[in-house]
2 protein chains.
Amino acid sequence: MKISEVSEKYNIPVDTLRYYEKAGLLPNVQKNESGIRDYSESDCNWVEFIKCMRSAGLPVKVLKRYIDLFHMGDSTLNERKQILIDERKKLIEKRDAIQSTIERLDYKINSYEHTIAICEKELLKRK
Amino acid sequence: MKISEVSEKYNIPVDTLRYYEKAGLLPNVQKNESGIRDYSESDCNWVEFIKCMRSAGLPVKVLKRYIDLFHMGDSTLNERKQILIDERKKLIEKRDAIQSTIERLDYKINSYEHTIAICEKELLKRK
DNA sequence: ATACAACTTGAAGCCGGCTTCAGGTCAAGC
DNA sequence: GCTTGACCTGAAGCCGGCTTCAAGTTGTAT
């Protein structure tokens with residue numbers, strides 16, 4: 001699979017794909033004699049994984065560490081699992097912070113509805 | 001209230017408080033004759049609001065716009081409400097993306113537990 | 001009165017995560 | 001065979017959000 005195809009499939013700019021590769025997130029992408037990338041199915045699965053993790057805000061560095069460990073084999077299983085546990089915890093905190101901000105916004109939006117209603121009444125009175 | 005007290009109360013570095021002020025998020029902080037800031041209760045409420053919104057990732061620019069509109073009075077009620085509605089929508093999307101990543105991590109962590117159990121069994125056998 | 005911590009400013013620096021640029025190679029269609 | 005577009009590279013640039021720096025002033029405790 002060519003880079004443009006991967007880009008289109010996962011809706012990630014080609015530049016970003018190259019950037020991820022340079023950052024060490026895609027260490028196995030093969031290139032043909034003339035240097036053109038050919039993404040395997042496994043590469044694509046990693047791309048999809050990276051996309052998902054990045055969309056939740058996991059840092060590139062953390063993903064690199066995880067992927068490096070992955071390629072070191074079974075002796076790193078525990079460390080890999082621990083990374084996922086740590087990141088999961090951070091995501092829960094983040095989700096909860098966002099949730100409480102959503103609730104605060106709900107309340108404020110509601111207040112605006114009331115305030116706006118009152119203002120409009122005032123305007124009608126003056127007519 | 002002095003800047004160091006506000007800093008301590010809300011657990012925000014003094015440099016960040018000055019940065020927010022410069023960015024236009026705290027347009028009303030008064031200074032005494034010798035130029036030292038004195039945060040009013042209202043300023044503090046804004047600080048707390050900004051902290052909450054920033055913790056959920058609302059951009060400084062958006063907060064600035066909202067705060068500018070606030071100081072323009074009732075004629076901006078609708079626009080302010082719309083900003084909150086738009087940001088609320090983005091937060092819901094963000095929260096949901098995080099939630100599905102959490103679920104994916106849950107699944108993977110579980111898989112690791114199984115894999116690790118199997119590996120340990122193998123190790124025992126060999127002993 | 002002197003030291004020392006806390007305050008001030010504008011400007012520069014840093015970090016993460018892309019994004020763009022310059023300059024070159026390659027491949028497919030006309 | 002020539003153009004055109006997709007690919008390649010390393011390096012530089014950009015943006016948001018702080019953070020640090022340099023250099024100076026103020027306020028408080030001994």
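Every value quoted in this text rests on a predicted model; they were computed, and no experiment measured them. Note on naming: letters A, B, ... go to the chains in the order of the sequence lines (proteins, then strands), and numbering restarts at 1 for each one. These numbers come from the heavy atoms of this one structure, side chains and all, not from hydrogens, waters or symmetry mates.
- Using the six-membered ring where Trp is involved, B:Tyr66 and B:Phe70 have ring planes that are tilted, between 30° and 60° apart.
- A close approach under 4.0 Å does not occur between any side-chain nitrogen or oxygen of A:Arg37 and OP1 or OP2 of D:dC7.
- Among B:Val29, B:Leu17, B:Leu25, the one residue that satisfies the side-chain contact (heavy atoms from CB on, under 4.5 Å) test with B:Val47 is B:Leu17.
- Sorted by residue number, the members of residues 19-35 of chain A with any non-hydrogen atom under 4.0 Å from DNA chain C read A:Tyr19, A:Tyr20, A:Ser34.
- Salt bridge annotation for B:Glu122-B:Lys125: present, with a cationic side-chain nitrogen under 4.0 angstrom from a carboxylate oxygen.
- Residue-environment remark: CD (A:Glu8) stays at or below the threshold of 12 foreign heavy atoms within 6.0 Å.
- Salt-bridge check for B:Arg65 with B:Asp68: failed, with every basic side-chain N at 4.0 Å or more from each acidic carboxylate O.
- Two end axes, each from the C1' atoms of five base pairs, can be drawn for the helix from C:dA1-D:dT30 to C:dC30-D:dG1; they diverge by 0°, to 10 degrees.
- A:Arg54 comes within 4.0 angstrom of the backbone, heavy atoms only, and of no base.
- For B:Ile36 and B:Leu58, each mapped to the nucleotide of DNA chain D holding its nearest heavy atom, the one lying further toward the 5' end belongs to B:Leu58.
- Here the range on DNA chain C touched by chain B, meaning any atom under 4.0 Å from one of its heavy atoms, is C:dC7 to C:dG10.
- Regarding B:Lys2, its NZ atom lies at a distance of 15 Å from the P atom of D:dT26, rounded to whole Å.
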For B:Lys9 and B:Glu48: C-alpha separation, side-chain torsions, deciding distance, then whether salt bridge (charged side-chain N to carboxylate O under 4.0 Å, His left out) applies. CA-CA 10 Å; B:Lys9 182 167 182 184; B:Glu48 192 276 331; over 6 Å; no
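- B:Ser55 places no side-chain N or O within donor-acceptor distance of the main-chain N or O of A:Ala97, the cut-off being under 3.5 Å.
- Looking at A:Gln30 and A:Arg37, their side chains never bring a donor and an acceptor atom within 3.5 Å of each other.
- Side-chain contact, B:Asp86 with B:Gln82: a donor N or O sits under 3.5 Å from an acceptor N or O.
- Using modelled atom types, one finds no donor on one side chain facing an acceptor on the other under 3.5 Å when comparing A:Glu41 with A:Asn45.
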